[in-house]
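Please read these numbers as outputs of a predicted model, since none were measured by experiment. Along the sequence shown, residues carry numbers from 1. Computation of the quantities below employed the complete heavy-atom set of this structure, encompassing side-chain atoms and omitting hydrogens, waters and symmetry-equivalent molecules.
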Amino acid sequence: PLVSILIVIGVVIVIVYFLSRSIKLSVLLLVIFVAFSVVVKPIYNNVLKPHHRTRIMVLLGKETDRRGAAWNVYNSKVAIGSGGFLGKGYLHGSFTKLKFIPKQRTDFIFSTVGEEWGFWGSSLVLLIYLAFLIKLVIAAERQRNRFHMVYGYCVACLMFFHYFMNVGTTIGLAPAVGVPLPFFSYGGSSLLGFTILLWVFVKMDSQNMQILR
């Protein structure tokens, strides 16, 4: 109910005010939260398409049809869980080989990693991506040109969004929106797009390093 949401927002704003002692920040958060609370239901009912609403219901646990709308996410979580700590081995995943998970080479590719390589393999992939993001942030921070710095942070944010949404989809923390895993999912267009995006920033960073020398 909207009244309950507004009460929670009021409590949060009071806590923020006592922690920050900033009236401007409290008012800004109040406006943002109230606006979101008011418009989210009309957008959900009138703007989102039926399959979009179904994906949100699956995420919230209100749609539990495992043979229908929740088929992909359910089988993805089962596949990752069945991998255990060490995994079943390369090309030995039963869910992967029998193709229980649609789009397992693109949108749900992380479920294949979890089943075949287990917890350690999944953690290794995430650590590599984390190191890559940290490297992007460090490179963006050392740019002397404001545009180059902003572009670098935008590249890092875009990569993080794709990592979070793709991995979150496979483990049920995000709705299925069809986001590929950069430099991992199958697909020429995504590979070309991410490569060009990263190549431009690498070129900017190389020019900056030459100036620093």
Side-chain angles (χ1 to χ4, degrees), residues 1-64 69-70 72-73 76-77 107-108 110 126-127 129-182 184-185 190 193-194 196-198 200-201 204:
L2 184 59
V3 176
S4 301
I5 295 175
L6 293 177
I7 293 175
V8 173
I9 291 175
V11 173
V12 172
I13 296 301
V14 171
I15 295 175
V16 170
Y17 174 75
F18 278 106
L19 292 177
S20 64
R21 295 296 180 178
S22 174
I23 298 179
K24 292 183 179 180
L25 177 62
S26 302
V27 172
L28 178 62
L29 291 177
L30 178 63
V31 172
I32 293 175
F33 289 156
V34 172
F36 178 80
S37 303
V38 172
V39 303
V40 65
K41 189 172 182 179
I43 291 177
Y44 178 84
N45 292 328
N46 303 318
V47 177
L48 296 181
K49 297 180 179 180
H51 65 279
H52 294 153
R53 295 196 291 267
T54 301
R55 290 173 180 176
I56 294 176
M57 289 296 101
V58 171
L59 175 65
L60 298 177
K62 295 182 178 294
E63 177 64 60
T64 58
N72 292 1
V73 177
S76 174
K77 292 192 291 185
D107 301 346
F108 287 86
F110 192 77
L126 294 178
L127 288 175
Y129 279 132
L130 178 61
F132 177 58
L133 288 175
I134 293 175
K135 186 68 176 179
L136 285 175
V137 171
I138 294 175
E141 189 63 29
R142 69 177 174 224
Q143 301 302 309
R144 303 183 67 181
N145 186 291
R146 178 72 59 125
F147 174 76
H148 293 179
M149 179 184 294
V150 173
Y151 182 85
Y153 277 113
C154 288
V155 172
C157 290
L158 184 63
M159 293 292 181
F160 173 78
F161 172 78
H162 278 78
Y163 299 151
F164 176 80
M165 291 302 298
N166 186 279
V167 176
T169 297
T170 59
I171 60 179
L173 293 180
V177 293
V179 174
L181 193 61
F184 209 93
S185 296
S190 64
F194 288 124
I196 294 175
L197 187 74
L198 189 60
V200 171
F201 180 60
M204 292 177 177

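From Lys24, atom NZ reaches atom CG of Leu29 across 14.0 Å, with rounding to the nearest 0.5 Å. Taking CD1 of Ile134 as the start and CG of Leu127 as the end, the distance is 9.5 Å to the nearest 0.5 Å. For the atom pair OG of Ser190 and CZ of Phe184, the computed distance is 12.5 Å after rounding to the nearest 0.5 Å.
The environment of CD1 in Ile23 is sparse: at most 12 heavy-atom neighbours from other residues, nucleotides or ligands sit within 6.0 Å.
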Under 3.5 Å, which donor-acceptor pairs link side chains of residues 39-49 to any protein atom two or more places apart or in another chain?
residue	atom	partner	partner atom	Å
Asn45	ND2	Lys41	O	3.3
Asn46	ND2	Pro42	O	3.2

Donor-acceptor contacts under 3.5 Å from residues 147-164 side chains, at least two apart:
residue	atom	partner	partner atom	Å
Tyr151	OH	Leu197	O	3.0
Tyr153	OH	Glu141	OE1	2.3
His162	ND1	Leu158	O	2.9

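By the side chain to side chain contact (heavy atoms under 4.5 Å, CB included) test, Val8 is found to be paired with Val12, residues two or more places apart in sequence or in another chain being considered.
Taking the side chain as every heavy atom from C-beta outward, Leu30 and Tyr17 never approach each other to under 4.5 Å. Looking at Leu25 and Val16, their side chains come closer than 4.5 Å, going by heavy atoms from C-beta outward. Put simply, the side chain of Leu198 reaches to within 4.5 Å of the side chain of Phe132, judged on heavy atoms. Side-chain contact check for Ile13 versus Phe33: some heavy-atom pair is nearer than 4.5 Å. By the 4.5 Å heavy-atom criterion applied to side chains, Val200 and Met204 are counted as neighbours.
Taking both residues in full, the closest heavy atoms of Ile171 and Lys77 are given as O-CD, 3.5 Å, listed atom of the first, atom of the second, then distance. Closest approach of Asn166 and Ser185 over heavy atoms only: ND2-OG, 4.2 Å.
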